[in-house]
Amino acid sequence: MNKFTAMLQEEYDVHPVQIQSKQGGWASLAFEIKAGKAVYFLKVYEKNRASTPKLTALIDQYVPIVEWIEHNSNLKGRIPVPMQTKEGYYKCDDEENIYLLYPFINGKTIGEQDLTEQQTEELAHIIAALHSFGEEIPFPTGALTEDFEVPFIRELEKVLDYSEEHVPKELHLFLHENQERINKWITNVKELSTKLKSASLNRVLCHTDLHHWNLMQAENLLVIDWEGLKLAPAEADMMFLTSEPYFKKFMEIYRKYHKNYHINKDALTFYQLKRKLEDIWEFTEQLLYEELSTKDKDEIIGYLKELTDLEN
Ligand SMILES: Nc1ncnc2c1ncn2[C@@H]1O[C@H](COP(=O)(O)OP(=O)(O)O)[C@@H](O)[C@H]1O
Ligand SMILES: [Mg+2]
């Protein structure tokens, strides 16, 4: 019996006949579950990963909103909603993992590929519809509302100042070489954070992780991986699109829904820098707190170098 079988039976009343490992994302493991005629996608967050608590903390807040949007907009079939357990929860867990179960999407992840014109149009319609929701949605949104805090920066600064003990040698070397650059980004983000806190920007529902690995082409284009759902300035999503070759086309359609929208440069720069620092922090966290093979460590240092090199 596969180790997930009992959980699927007990929690979801799903009786798997085949469980197959799939390529997951950065944050989670993925499995295709066949049960009779039904096929499911099981997303597994390992509790020993440093990133898991942050990524799973708001599941109970955001999933009901995603489900509600799916029913109350033209986004039906465009966004996957996790299935409920027998007891009506959107996740379940055991000693090792946190689980979310979805209907399986029979399609292709966009990943490294560019978007076609058709896909660009579909994406623009999806994001424009998403951004038409704001504070008025009938849900408590306190936990999901952007406050322009950047909580991980204090921890990153501790590592940069070497006041954190046990910094592995490879990480020490990398940080030493890039300290000045990273500190400059930190200073900029802090300044923008203060400025944006008092700027009273309009907040809309944003996905906040809108890269091509979170887009799938099935019968139509789907946006997946909604863990980052936030009530935030639209730039939280625009930051993924501004440097894409299709951005102009995207905006032509987006502006049909949001006629007066103009990019706020401060918010855009804030999100770009915050994302870069957050990626640096998440890789740093892995090197500090997770048990890794030499190959894993080298790979992570490689990613860290890419993140800092791009700014040359
Ligand atoms: N419901 C689904 N059906 C089939 N494949 C999926 C489904 N959801 C995600 N995937 C695939 O798994 C990958 C990782 O899923 P994702 O939700 O983005 O996880 P992560 O949070 O780890 O990035 C996606 O890039 C996609 O290829
Ligand atoms: Mg993803």
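Remember, it's 1-based here, ligands and their atoms both numbered in the order they're listed.
Between Tyr271 and Phe148, the ring planes lie tilted relative to each other; the angle falls in the 30° to 60° range.
Nearest protein neighbour of atom 25 (O) of ligand 1, counting heavy atoms only, is Trp213 O, 2.8 Å. Atom 8 (N) of ligand 1 has as its closest protein heavy atom Phe41 CE2, 3.3 Å. Scanning the protein heavy atoms around atom 24 (C) of ligand 1, the nearest turns out to be Ile224 CD1, 3.5 Å. In this structure, atom 3 (N) of ligand 1 lies nearest to the protein heavy atom Ile105 N, 2.8 Å. The shortest contact between atom 20 (P) of ligand 1 and any protein heavy atom is with Asp225 OD2, 3.4 Å. Nearest to atom 27 (O) of ligand 1 among the protein's heavy atoms is Thr109 OG1, 2.5 Å.
A distance of 6.0 Å or more separates the ring centres of Tyr102 and Tyr40.
Residue Asp225 approaches the Mg ion (ligand 2) most closely through its N/O/S atom OD2.
In the model, Tyr90 has a side-chain atom that pairs as donor or acceptor with a side-chain atom of Gln84 under 3.5 Å. With 3.5 Å as the limit, one finds a donor-acceptor pair spanning the side chains of His125 and Tyr257.
For Met216, the heavy-atom gap to ligand 1 drops under 4.0 angstrom. Heavy atoms of Gly24 come nearer than 4.0 angstrom to ligand 1 in at least one pair.
Within the 4.5 Å cutoff, no side-chain heavy atoms of Thr284 are placed close to those of Phe174.
Residue Phe104 approaches ligand 1 through these ligand atoms, each under 4.0 Å from one of its heavy atoms: 3 (N), 4 (C). Ligand-side atoms of ligand 1 in range of Trp26: 22 (O), range being under 4.0 angstrom from any heavy atom.
Within a 6.0 Å sphere centred on NE2 of His176, other residues, nucleotides and ligands contribute 12 heavy atoms or fewer.
With a heavy-atom cut-off of 4.0 Å, Ala27 touches ligand 1 through backbone and side chain alike. Counting heavy atoms closer than 4.0 Å to ligand 1, residue Asn214 contributes side-chain atoms (C-beta onward) but none from N, CA, C or O.
Taking backbone and side-chain atoms together, Ser28 has no N/O/S atom less than 2.8 Å away from the Mg ion (ligand 2).
Remark: among candidates His211, Gln23, Lys43, the nearest residue to atom 17 (O) of ligand 1 is Lys43, based on non-hydrogen atoms. When the heavy atoms of Gly25, Gly107, Ser28, Pro103 are ranked by distance to atom 14 (C) of ligand 1, first place goes to Gly25.
No salt bridge links Glu70 with Arg78; every basic N to acidic carboxylate O contact stays at or beyond 4.0 Å. Note on Lys47 versus Asp94: no salt bridge recorded, every NZ/NE/NH1/NH2 to OD/OE distance being 4.0 Å or above. At a threshold of 4.0 Å, the pair Arg203-Glu146 does not count as salt-bridged, since none of the basic side-chain nitrogens sits closer than that to a carboxylate oxygen.
The heavy-atom pair separating Pro64 from Gln61 by the smallest distance is CD-O, 3.6 Å.
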